[in-house]
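Here is the structure we will look at.
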Amino acid sequence: MTQPRTFRGTRDFLPPELIGRRKIQEIIELTYRRYGFQPLETPAIEYFDVLTGKSDETDKLIYKLEHKGDALGLRYDLTVPLARVVAQHKQLPRPFKRYQIQPVWRADRPQPRQGRFREFVQCDADIIGTASLLADAEIIALTNEILAKLGFEGFIIRLSSRKLLRGMASLICGDEEKVFPLCRCIDKLDKIGWDGVQKELAECGFTDDVRAKVEKFCGLWDENLDWSAAEKVLQNVEIGLEGLKEVREVYERAIQLGVPPERLKPDLTLARGLDYYTGPIYETVLPDKPHIGSLSGGGRYDGLVATFSKENVPATGTTLGLDRIQTAMKELGIFTEVPSETDVLIAQFDEEGLPAVLALATKLRKADFNVEVWYESDRLKKQFTYADRQQIPFVIILGPDERAAGKVTVKSLATGEQKTIPEAELTALLDSAKG
RNA sequence: GUGGUUGUAGCUCAGUUGGUUAGAGCGUCUGACUGUGGCUCAGAAGGUCGGGGGUUCAAAUCCCCUCAGCCACCCCA
């Protein structure tokens with residue numbers, strides 16, 4: 001006998017959970033389409049060299065496969081495969097706006113409470129082929145719209161720019177490349193406060209002078225950003241000014257696209273993200289649920305396609321973490337489990353009635369109802385109990401009495417109301433309840 | 001990758017200083033109730049007490065090893 005079990009960090013989705021999960025996915029997909037994105041799917045398995053080389057950290061987390069001499073791997077995200085697709089299929093339009101909702105795999109340690117798994121679904125929307133910051137703003141507007149539609153209230157979209165962070169590193173340390181260790185420390189501000197950040201900075205070997213400047217510089221971004229003060233500080237650092245300008249433009253365009261200002265926060269302490277980001281970066285967090293990581297994360301990655309092609313193609317986009325979103329919704333009590341999507345159960349009263357029952361089922365299915373037929377002539381109690389447990393709203397009985405009268409009996413399990421009506425009136429009744 | 005913690009029925013958990021045949025609630029199934037769900041009552045099925053080894057007359061309980069889950073960090077969706 002084989003032990004039934006699933007691999008660590010992977011899960012089965014039973015119907016009540018999956019139905020609710022799919023409703024989230026539908027809202028995401030619908031919104032992507034509203035903004036003019038087209039669907040794309042790519043293989044789970046890619047050549048290993050396609051997946052690697054984008055970031056040292058992530059390379060370690062790629063599931064490596066080997067088959068008959070081919071070096072392969074499971075995709076780690078959807079952005080790298082997109083870059084590959086764009087480099088490979090030159091006939092794609094520009095701008096190319098694609099969405100992609102598929103699982104990805106990462107070999108890190110799972111933590112369900114944080115919405116973190118080894119197999120999880122990413123919902124990506126990316127815009128390839130324009131350097132316009134309007135594209136970045138659109139991505140932010142779309143993220144806001146989806147999360148609002150899903151019922152989230154306290155989320156914050158943090159906005160920064162890799163260029164700005166580089167400028168800060170240059171200004172403070174005199175070395176642009178210090179941006180990564182510097183940001184990693186600052187990024188923890190929300191969790192550990194300034195005392196903690198100072199300690200981290202010291203551990204990373206930053207001098208007292210640098211540490212004082214960091215705190216002062218980040219202070220400019222407290223609450224309401226003072227753009228002109230920030231500009232003044234950065235006056236001799238070109239890349240920083242450029243970054244500041246792009247953050248400002250993305251911010252203003254996003255507001256024009258309807259993002260509430262309280263939801264969008266320019267934030268220098270945002271440092272996360274893959275190494276391939278080059279311009280504006282953004283992520284969504286729930287300040288009330290700090291243990292759940294970011295719900296979404298994205299940014300501009302103008303250099304990535306060039307790793308597959310001579311062409312240098314500007315690109316920006318985001319990913320929504322379906323599993324993070326679901327985890328957060330569960331914790332906030334706004335995730336609904338649904339045991340069944342069946343609209344109506346047709347009971348089996350007696351075998352003689354089966355021809356009429358089956359004909360009715362076929363008719364209702366053609367009228368777009370989800371219909372189940374009970375398989376045995378069991379006691380009605382059993383059939384009703386099943387419908388009740390599965391939250392099927394209607395049970396239809398077509399017994400000898402109904403057949404003799406040329407009618408059907410339909411009971412609403414929600415209200416308990418029961419009527420015996422001509423079959424012709426049935427679809428109207430079911431429709432009215434379906435809303 | 002680092003540190004911590006917990007493993008008893010499908011799920012959530014009791015189980016006394018080691019002591020007969022390991023319990024409950026929920027869920028599943030059956031019946032009370034042969035044309036009607038939710039409530040109630042009665043009953044049934046379901047357990048290598050994570051696995052292996054040790055101590056003991058006796059281990060779910062004590063010791064060792066191991067595996068798995070979970071939590072925090074790291075990193076991220």
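Each chain gets a letter, A, B and so on, in the order its sequence line appears, and its residues count up from 1.
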Under 3.5 Å, which N/O atoms of the protein pair with N/O atoms of nucleotides 3-12 of chain B?
residue, atom, partner, partner atom, Å
B:rG3, O6, A:R109, NH1, 3.2

Fill in: Strand RNA chain B as a dot-bracket string - pairs counted if Watson-Crick or G-U with both distances under 3.5 Å, | where the partner lies in another strand
(((((((..((((.....[...)))).(((((.......))))).....(((((..]....))))))))))))....
Discussion item. Side chains of A:Q38 and A:R98: any donor to acceptor distance under 3.5 Å?
Written reply: no
Fill in: B:rG37 pyrimidine/purine six-ring stacking with A:Y386, under 5.5 Å and 30°
no
Short N/O separations, protein against nucleotides 27-33 of chain B, under 3.5 angstrom:
residue, atom, partner, partner atom, Å
B:rU28, OP1, A:R389, NH1, 3.0
B:rU28, OP2, A:R389, NH1, 2.6
B:rU30, OP1, A:K382, NZ, 2.6
B:rA32, OP2, A:R379, NH1, 3.1
B:rC33, O2', A:R379, NH2, 2.5

Worksheet item: In whole angstrom, what separates A:I146's CD1 from B:rA77's P?
Response: 16 Å
Worksheet item: Near A:R365 CZ, under 6.0 Å, is it more than 12 heavy atoms from other residues, nucleotides or ligands?
Response: yes
Between side-chain atoms of residues 389-401 of chain A and protein atoms elsewhere (two or more places apart, or another chain), which donor-acceptor pairs fall under 3.5 Å?
none

Response to the item:
In numerical order, the residues of residues 111-119 of chain A whose heavy atoms come under 4.0 Å of RNA chain B are A:Q111, A:P112, A:R113, A:Q114, A:G115, A:R116, A:F117
Discussion item. Looking at A:E331 and A:K289, is any side-chain nitrogen of the basic one under 4.0 Å from a carboxylate oxygen of the acidic one?
Written reply: yes
Fill in: Proximal nucleotide (of B:rG35, B:rA77, B:rU36) relative to the A:T319 side chain
B:rA77
Worksheet entry | Span that lies between the P atom of B:rU61 and that of B:rG15, in whole angstrom | 15 Å
Practice prompt. Using whole Å, report how far CZ of A:R324 lies from P of B:rA77.
Written response: 8 Å
Worksheet item: Of the non-hydrogen atoms in A:D136 and A:V250, which two are nearest, and what is the gap between them?
Response: CB-CG2, 3.9 Å
Worksheet item: Hey, can you pull the residues of residues 410-422 of chain A with a non-hydrogen atom under 4.0 angstrom from RNA chain B?
Response: A:K411, A:L413, A:G416, A:Q418
Discussion item. Between B:rC49 and B:rA60, how many Å separate the two P atoms, rounded to a whole number?
Written reply: 7 Å
Fill in: d(CD, A:Q383; C1', B:rU34) in whole Å
12 Å
Worksheet item: Can A:E417 and A:K411 be counted as an ion pair, charged N to O under 4.0 angstrom?
Response: no
Practice prompt. Indicate yes or no: does A:E145 engage A:K149 in a salt bridge with an N to O separation below 4.0 Å.
Written response: yes
Worksheet item: Does the pair A:E138/A:K97 count as a salt bridge with the N-to-O cut at 4.0 Å?
Response: yes
Fill in: Length of the NZ-P vector between A:K289 and B:rA72, whole Å
12 Å
Item to complete: Provide the distance between the two C1' atoms, one in B:rG52 and one in B:rA44, to the nearest whole Å.
Response: 35 Å
Discussion item. Roughly how many Å apart are B:rG1 and B:rC62, using the P atom of each and rounding to a whole number?
Written reply: 30 Å
Worksheet item: A:L295 CG to B:rC76 P: how many Å, rounded?
Response: 16 Å
Worksheet item: What's the CG-P distance between A:L345 and B:rU36, to the nearest Å?
Response: 15 Å
Fill in: Same-atom distance (C1') from B:rG50 to B:rU17, integer angstrom
26 Å
Worksheet item: Can you find a donor-acceptor N/O pair under 3.5 angstrom joining the side chain of A:R106 to the base of B:rC76?
Response: no
Practice prompt. Answer yes or no on whether A:R106 is positioned over the face of A:Y76, meaning its NZ or CZ is under 6.0 Å from the six-membered ring centre and within 45° of the axis.
Written response: yes
Worksheet item: Expressed as a whole number of Å, how far does the P atom of B:rU21 sit from that of B:rA59?
Response: 11 Å
